[in-house]
Amino acid sequence: MDKVLSPNVIFLPIILFIGFITSFEDFKEYRIKNKWVIFGLFYSFLVYLFVFILSNSGLLNSYLIRNFDKWCINLIISSLVAYLLWHFKMWGAGDAKLFICYVALIPIGQYSKVYFNYYFASFLLLLTVFIPATVFLIAQSVIYFINSFDFSKSEEKIRGWIAESLAKFNKIEAIKILLGFFLFFLFFKVANEQLYNFFGSRIPGDQNTPILISLLAFRPLAKIFNKNIKFIIFALIILIIYVVFRMAYPWQQFILEIKNILGKTVLIMVLFPALKKIVDLYTERVVQKTSHFAIWMFLGVLITWFL
């Protein structure tokens, strides 16, 4: 049966109602009212309670109850992720609460079958929210940068930017951050291999996922890598163990893996500062007055639902 015509459709009208009204109010008033979030959560919990009662009475056999444990774990993990994104100032408190509301309203079985539907299924929702929003922001930023850039003085500006960057450059700090992101990508690679060996599934997005996470959370991750000496010691130990373990494999494969991980690490180290420079120029002038994240979240929910 098509996903849209499944029993999940009982959640769709409420999702559409909350999506439209929060998007409209965010666009007009730059705020997301708690009453809509509470309404969505209350509706979701009420549906699950109703289904639970009918299932116990033998009147209904619903997959909602069979997957209730996964739904609960997904909601708990999503709430933690939403809090962390708010804590690191990647979205507002209202956005975090609205995300939790949407997670509660999307049944586990509604996520795309091409996507893993285990205990953090709403990771797909995060991707469908942040990827379009990020691409749009970067595109607008680049256009704004090109239109506002004085190419007649471009050489002088570029030299000034390079000189300023070199003056602030700290070799020890750069090595710590480089090592931290190298281990970050290495962790995802090893975790991916182990997930596939034990469960026959991989981390969604494979190695593109840590690149996206690195770009979105570059500053908090870099701060952790730079300030925490215990992490650096741990990273060196893990790296040594990995090197020793991989030496049992053909050295060509080992070199290829190291080059691949190092390439992604250097890409993030170079790409983030460049994008940040362009995006900061745009956000300082424009985004603070025109950013409506509830709209992007509603778009992500629709993509997730109908994917």
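The structure places OG1 of Thr22 at 11.5 Å from NZ of Lys33, a figure rounded to the nearest 0.5 Å. Within the model, atoms CG of Leu302 and OG1 of Thr128 stand 9.5 Å from one another, a figure rounded to the nearest 0.5 Å. The line from CD1 of Ile53 to OH of Tyr48 is 15.0 Å long, rounded to the nearest 0.5 Å. In this structure, Ile100 CD1 and Leu75 CG are separated by 7.5 Å, a value rounded to the nearest 0.5 Å. In this structure, CG on Leu124 lies 11.0 Å from CD on Gln110, to the nearest 0.5 angstrom.
At a threshold of 4.5 Å between non-hydrogen side-chain atoms, the residues Phe68 and Val51 do not count as touching. Thr304 has its side chain within reach of Tyr111: a pair of non-hydrogen atoms, C-beta onward, lies under 4.5 Å apart. At a threshold of 4.5 Å between non-hydrogen side-chain atoms, the residues Leu126 and Leu85 count as touching. Using a 4.5 Å cut-off on side-chain heavy atoms (C-beta onward), Ile303 and Leu125 make no contact. Contact annotation: the side chain of Tyr43 approaches that of Ile10 to within less than 4.5 Å [non-hydrogen atoms, C-beta and beyond].
By the rule that hydrophobic residues join a cluster once side-chain heavy atoms approach within less than 4.5 Å of another member, Val103 and Phe42 end up as members of separate clusters. Under the 4.5 Å side-chain heavy-atom criterion for ILVMFWY residues, no single connected hydrophobic cluster contains both Phe27 and Phe20. Under the 4.5 Å side-chain contact rule for hydrophobic residues, Leu84 and Val81 share a cluster. Tracing side-chain contacts under 4.5 Å through hydrophobic residues (I, L, V, M, F, W, Y), one never reaches Ile76 starting from Phe45; they form parts of separate clusters. Ile15 and Ile38 fall into different hydrophobic clusters, where Ile, Leu, Val, Met, Phe, Trp and Tyr residues are linked whenever their side-chain heavy atoms come under 4.5 Å apart, directly or through other members.
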Note to self: Applying side chain to side chain contact (heavy atoms under 4.5 Å, CB included) to Phe39 and Ile14, what does each step give before you reach the verdict?
What the structure shows: CA-CA 9 Å; Phe39 172 68; Ile14 303 303; 3.9 Å; yes

Check: Should Phe11 and Trp305 be marked as a ring-ring contact (aromatic ring centres under 6.0 Å, His included) after you check the CA-CA gap, both sets of side-chain angles, and the distance that decides it?
Finding: CA-CA 11 Å; Phe11 292 98; Trp305 187 276; 7.4 Å; no

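For the pair Asn67 (side chain) and Leu64 (backbone), a donor-acceptor distance under 3.5 Å is absent. A side-chain donor-acceptor contact under 3.5 Å links Asp26 to the backbone of Ala294. Looking at Asn74, its side chain does come within 3.5 Å of a backbone N or O of Ser122 through a donor-acceptor pair. Not one N or O on the side chain of Ser44 forms a donor-acceptor pair closer than 3.5 Å with the backbone of Leu41. In this structure, the side chain of Trp71 does not engage the main chain of Ile65 through any donor-acceptor pair within 3.5 Å.
A pairwise comparison of heavy atoms in Val37 and Ile32 identifies CG2-CG2, 4.4 Å as the closest pair. The heavy-atom pair separating Trp86 from Ala96 by the smallest distance is CB-CB, 4.2 Å. Listed here is the closest heavy atom pair of Asn34 and Lys97: OD1-NZ, 2.7 Å. Minimum interatomic distance between Cys101 and Trp36 (heavy atoms only, all atoms of both residues): SG-O, 4.3 Å. Minimum heavy-atom separation, Gly40 to Ile18: CA-CD1, 3.5 Å. Counting all heavy atoms, side chain and backbone alike, Val129 lies closest to Gly300 at CG2-CA, 4.0 Å.
Taking the six-membered ring for Trp and the full ring otherwise, Phe130 and Phe293 have centroids separated by under 6.0 Å.
With salt bridges taken as basic N to acidic carboxylate O contacts below 4.0 Å, none links Arg31 and Glu25.
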